[in-house]
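Working notes, structure below.
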Amino acid sequence: MLIDRCLPDFDVTEVHDIEVDAPPAVAYAAIRKADLRDPVISALFAVRELPNRVARRLRGDPPPAAPKSFTFQDVDAAALGWVLLGESLDKEKELEFVVGSVGRFWKRDYGWRPIPPNEFATFSEPGFAKIGLSFSVRPLGFDRSILRYEARTATTDDTARKRFRRYWMIIRPGVSIVMRRALARIKAEAERRQRAPSRRS
């Protein structure tokens with residue numbers, strides 16, 4: 001898989017998959033187009049953002065406008081700390097794209113460290129963690145697919161590893177919920193597209 005080249009060694013991982021009643025090309029298009037906002041996902045992100053909201057209020061800064069929608073099309077935006085690491089479009093085997101981020105995610109502001117995509121795999125500056133997110137689709141029989149969402153995190157030294165593991169113990173249940181609900185929304189979008197008289201990619 002592409003993520004094996006981007007982040008072959010890691011400290012923790014979380015993987016979820018789901019069967020989709022749509023062919024791989026339709027399911028793959030839906031990954032980037034499905035609106036991931038729902039009450040539970042929004043609430044979990046609001047909890048994580050609470051320290052930042054408090055800090056903005058103390059500074060007298062206005063709160064940021066809530067986005068009308070959020071899709072994985074938006075994830076690989078530099079402003080969000082993510083970069084597109086690669087995409088594999090082997091229609092016979094697997095469709096996959098991987099985004100990555102470097103930061104001190106246990107900090108209130110995530111401690112993002114912008115780096116070019118070609119430096120992600122070799123980045124090793126002490127005190128940081130690297131996250132790779134893989135979204136992939138593979139065929140399952142006739143006109144069906146397996147949709148897979150994997151998150152891997154690697155730390156660059158023992159100090160970062162200890163800090164991230166403490167952070168991970170707290171956030172892992174929420175991460176699992178977000179991943180499962182995101183897959184369910186992508187599945188629904190793919191199957192809606194498959195049923196539509198004229199599908200749009």
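Just so you know, these numbers use all the heavy atoms, side chains as well, and skip hydrogens, waters and symmetry mates. Because the structure is a prediction, the values reported are computed rather than measured.
Smallest separation of non-hydrogen atoms from A190 and A27: CB-CA, 3.8 Å. Residue R138 comes nearest to P24 through the heavy atom pair C-CG, 4.2 Å, listed as atom of the first residue, atom of the second, then distance. In this structure, F120 and G132 approach most closely via the heavy-atom pair CZ-N, 4.4 Å.
With values rounded to the nearest 0.5 angstrom, L85 atom CG is found 4.5 Å from C6 atom SG. With rounding to the nearest 0.5 Å, the separation of CD1 in I18 from NE2 in H16 is 11.0 Å. Here the CZ atom belonging to R144 is positioned 11.5 Å from the CD atom belonging to Q194, to the nearest 0.5 angstrom. In this structure, CD1 in I171 is found 10.0 Å from CD in E14, a value given to the nearest 0.5 Å. Taken from OG in S145 to CG in D17, the straight-line distance is 12.0 Å, to the nearest 0.5 Å. Note that CG of L147 and CG of L95 are 10.5 Å apart. Values are rounded to the nearest 0.5 Å.
Linking Ile, Leu, Val, Met, Phe, Trp and Tyr residues whenever their side-chain heavy atoms come within less than 4.5 Å places F123 and I3 in a single cluster. There is a path of hydrophobic side-chain contacts, each under 4.5 Å, that joins W106 to W168. A continuous path of Ile, Leu, Val, Met, Phe, Trp and Tyr side chains, each step under 4.5 Å between heavy atoms, connects L84 with V137, placing both in one hydrophobic cluster. In terms of hydrophobic clustering, with Ile, Leu, Val, Met, Phe, Trp and Tyr side chains grouped at heavy-atom distances under 4.5 Å, L183 and V175 are assigned to a common cluster. When hydrophobic clusters are built by joining Ile, Leu, Val, Met, Phe, Trp and Tyr residues whose side-chain heavy atoms come closer than 4.5 Å, directly or via intermediates, L89 is grouped together with V99.
Salt bridge E189/R185: absent, no basic N to carboxylate O contact under 4.0 Å.
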Inset, instruction - List the steps, then state whether side-chain contact (heavy atoms from CB on, under 4.5 Å) holds for V98 with M1. - result: CA-CA 10 Å; V98 179; M1 294 183 65; over 6 Å; no
Inset, instruction - Just do the salt bridge (Lys or Arg N to Asp or Glu O under 4.0 Å) check on K162 and D157 with the steps written out, would you? - result: CA-CA 9 Å; K162 291 175 183 177; D157 65 2; over 6 Å; no
Inset, instruction - Begin with the C-alpha distance, continue with both residues' side-chain angles, and end with the deciding distance and a verdict on side chain to side chain donor-acceptor pair (under 3.5 Å) for E96 and S134. - result: CA-CA 7 Å; E96 181 186 12; S134 165; 2.7 Å; yes
Inset, instruction - Could you please spell out the steps behind the ring pair (Phe, Tyr, Trp, His ring centres under 6.0 Å) verdict for Y167 and F105? - result: CA-CA 8 Å; Y167 175 66; F105 304 107; 7.6 Å; no
Legend entry - Evaluation steps, side-chain contact (heavy atoms from CB on, under 4.5 Å), between D11 and T153: CA-CA 6 Å; D11 298 298; T153 303; 5.6 Å; no
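E191 contributes a side-chain N or O that, together with a main-chain N or O of D21, makes up a donor-acceptor pair within less than 3.5 Å. A donor-acceptor pair under 3.5 Å links the side-chain atoms of R104 to the main chain of G127, judged by distance alone. Side chain of K130 to main chain of G100: no donor-acceptor pair is present (N/O by atom type, distance under 3.5 Å, no hydrogens or angles). With hydrogens and angles disregarded, a donor-acceptor distance shorter than 3.5 Å links the side chain of R152 to the backbone of L7.
One side chain, R180 or S176, offers a donor N or O that lies under 3.5 Å from an acceptor on the other. Under the 3.5 Å distance criterion, with hydrogens and angles disregarded, a donor-acceptor pair is assigned to the side chains of E87 and Y28. No hydrogens or angles considered: a donor-acceptor pair under 3.5 Å links the side chains of E150 and T13.
A 4.5 Å side-chain heavy-atom check between F10 and T155 finds every atom pair outside the cut-off. At least one side-chain heavy atom of R195 sits under 4.5 Å from a side-chain heavy atom of R192. Annotation: side chain of V12 is in contact with side chain of R165 (closest heavy-atom distance under 4.5 Å).
Cation-pi contact between R113 and F128: present, with separation from the ring centre below 6.0 Å and deviation from the ring axis of at most 45°.
A side chain to side chain donor-acceptor pair (under 3.5 Å) with S101 is found for one member of W112, Y110, W82 and no other, namely W112. Between F97 and the choices I31, L2, L133, the side-chain contact (heavy atoms from CB on, under 4.5 Å) rule is met once, by I31.
The aromatic rings of Y149 and F135 lie tilted to each other, with the angle between the two planes from 30° to 60°.
By the neighbour-count criterion of 12 heavy atoms within 6.0 Å, atom CG of N118 is densely surrounded, having more than that number from other residues, nucleotides or ligands.
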